[in-house]
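Below you'll find the structure, written out as structure tokens, and then a few comments.
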Amino acid sequence: MTKTILKFVVLFVVLVLCQVIVFNHLVLWGVAVPLVFIYWILKLPVTLNVNWTMTFAFLMGFLIDIFSDTRGMNSLACTILAVARMPVLRLFFPREDDLTDPEPSIRSLGPAVYMKYLISTVVLYCMVFFIVESMTFFNISRLILCITGSSILTFILILALDSLTSKKREKRL
């Protein structure tokens, strides 16, 4: 239990620092911003109470807002993501009893289910974030470009991060 908590605390700190120091300054084609820190929210155990999930997600979004000067956009989007992640997971993986590990990953859910879960939640986060950022639908083509570009970039980077952080299960003879 303590090992799991320590792992999540370290991952929290590393992702916040990476987002603030590196990823916030990495903008591809003027539209695609990697929002990799949401991986921590998506990785939280499914057994964790939704109130705790919302609290932790809000705190993470608040820290990103403080260091990125984004005026609460990440806090709002993180809180909405924390509320929506379990219904989205149940949409693609209806029985929690079949989970081999309480932490959603490509190894515990399987590649197809995990990718559906990941792309749905990433697109939801990017939609909320960029709609709140623009506060208008005046330039809808730019808004769609930002949502699409950031979703694709974030999805690819989170898949890469998940392959690095998920524990490998060895088959023994």
Side-chain angles (χ1 to χ4, degrees), residues 1-29 31-48 52-53 55-65 67-68 70 74 77-82 84-86 88-93 96 98-129 146-173:
M1 184 69 173
T2 307
K3 186 177 174 183
T4 304
I5 293 171
L6 183 63
K7 179 180 92 169
F8 274 102
V9 168
V10 168
L11 187 62
F12 180 93
V13 171
V14 168
L15 285 175
V16 167
L17 287 174
C18 286
Q19 184 68 39
V20 170
I21 295 171
V22 177
F23 293 122
N24 280 350
H25 303 288
L26 184 78
V27 181
L28 300 179
W29 306 290
V31 293
V33 179
L35 302 164
V36 177
F37 70 96
I38 64 172
Y39 173 69
W40 188 80
I41 299 167
L42 301 176
K43 188 78 170 163
L44 286 173
V46 295
T47 55
L48 189 64
W52 284 109
T53 306
T55 304
F56 294 146
F58 174 80
L59 289 174
M60 179 174 244
F62 187 65
L63 275 173
I64 298 293
D65 285 334
F67 292 119
S68 303
T70 50
N74 286 302
C78 283
T79 306
I80 290 173
L81 178 64
R85 81 180 185 106
M86 283 309 295
V88 169
L89 185 60
R90 283 191 195 108
L91 185 67
F92 302 118
F93 199 83
E96 291 177 21
D98 293 343
L99 279 175
T100 57
D101 189 11
E103 295 173 17
S105 69
I106 200 161
R107 287 173 181 80
S108 67
L109 296 175
V113 173
Y114 184 70
M115 286 189 193
K116 289 177 196 174
Y117 164 70
L118 189 61
I119 196 70
S120 300
T121 52
V122 166
V123 167
L124 172 71
Y125 183 87
C126 289
M127 282 176 57
V128 171
F129 180 79
C146 287
I147 291 170
T148 306
S150 294
S151 296
I152 292 170
L153 185 59
T154 302
F155 174 75
I156 291 168
L157 290 174
I158 288 178
L159 269 180
L161 186 62
D162 188 60
S163 69
L164 293 174
T165 59
S166 293
K167 49 188 163 181
K168 295 181 180 177
R169 297 171 196 258
E170 297 178 18
K171 292 188 177 184
R172 300 199 181 233
L173 295 174

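Fair warning: this is a prediction, and the values are worked out from it, not measured in the lab.
Atom CG of residue Leu63 and atom CZ of residue Phe58 lie 10.0 Å apart, to the nearest 0.5 angstrom. For the atom pair CD1 of Ile41 and OG1 of Thr121, the computed distance is 9.5 Å after rounding to the nearest 0.5 Å. Here Ile156 contributes atom CD1 and Ser151 contributes atom OG; the two are 11.0 Å apart, rounded to the nearest 0.5 Å. Distance check, rounded to the nearest 0.5 Å: CD1 of Ile38 to CZ of Arg85 gives 12.0 Å. From Phe155, atom CZ reaches atom CD1 of Ile119 across 5.0 Å, with rounding to the nearest 0.5 Å. Put simply, CG on Leu48 and CZ on Phe56 are 6.0 Å apart, with the number rounded to the nearest 0.5 Å.
Closest of all the heavy-atom pairs between Ile64 and Thr70 is O-OG1, 4.3 Å. Across all their heavy atoms, Leu89 and Pro104 have their closest contact at CD2-CG, 4.4 Å. The minimum heavy-atom distance between Phe37 and Met60, with the atom names listed, is O-SD, 3.5 Å. Summarising the geometry of Leu26 relative to Pro34, their closest heavy-atom pair is O-CD, 3.1 Å, with the distance given to 0.1 Å. The heavy-atom pair separating Ala57 from Ala82 by the smallest distance is CB-CB, 3.5 Å.
Using a 4.5 Å heavy-atom cutoff, the side chains of Tyr125 and Thr154 are not in contact. Contact check for Glu103 versus Phe8: side-chain heavy atoms found under the 4.5 Å cut-off. Between Leu159 and Met115, some side-chain heavy-atom pair lies under the 4.5 Å cut-off. Looking only at side-chain heavy atoms (C-beta outward), Asn74 and Phe129 come within less than 4.5 Å of each other. Proximity of Tyr39 to Leu157: side-chain heavy atoms (C-beta onward) are nowhere separated by under 4.5 Å.
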* Let me see the working for Leu15 and Leu161 under side-chain contact (heavy atoms from CB on, under 4.5 Å), right down to the final yes or no. => CA-CA 10 Å; Leu15 285 175; Leu161 186 62; 3.7 Å; yes

* Decide side-chain contact (heavy atoms from CB on, under 4.5 Å) for Tyr114 and Asp162; before the verdict, give the C-alpha distance in whole Å, the side-chain angles of both, and the deciding distance to 0.1 Å. => CA-CA 11 Å; Tyr114 184 70; Asp162 188 60; 3.5 Å; yes

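Although no hydrogens or angles enter the test, the distance criterion places a donor-acceptor pair under 3.5 Å between the side chain of Tyr117 and the main chain of Leu42. Side-chain N or O atoms of Ser68 include none that pairs as donor or acceptor with a backbone N or O of Asp65 at under 3.5 Å. Ser150 contributes a side-chain N or O that, together with a main-chain N or O of Val33, makes up a donor-acceptor pair within less than 3.5 Å.
Atom CZ of Phe62 is surrounded by 12 or fewer heavy atoms from other residues, nucleotides or ligands within 6.0 Å.
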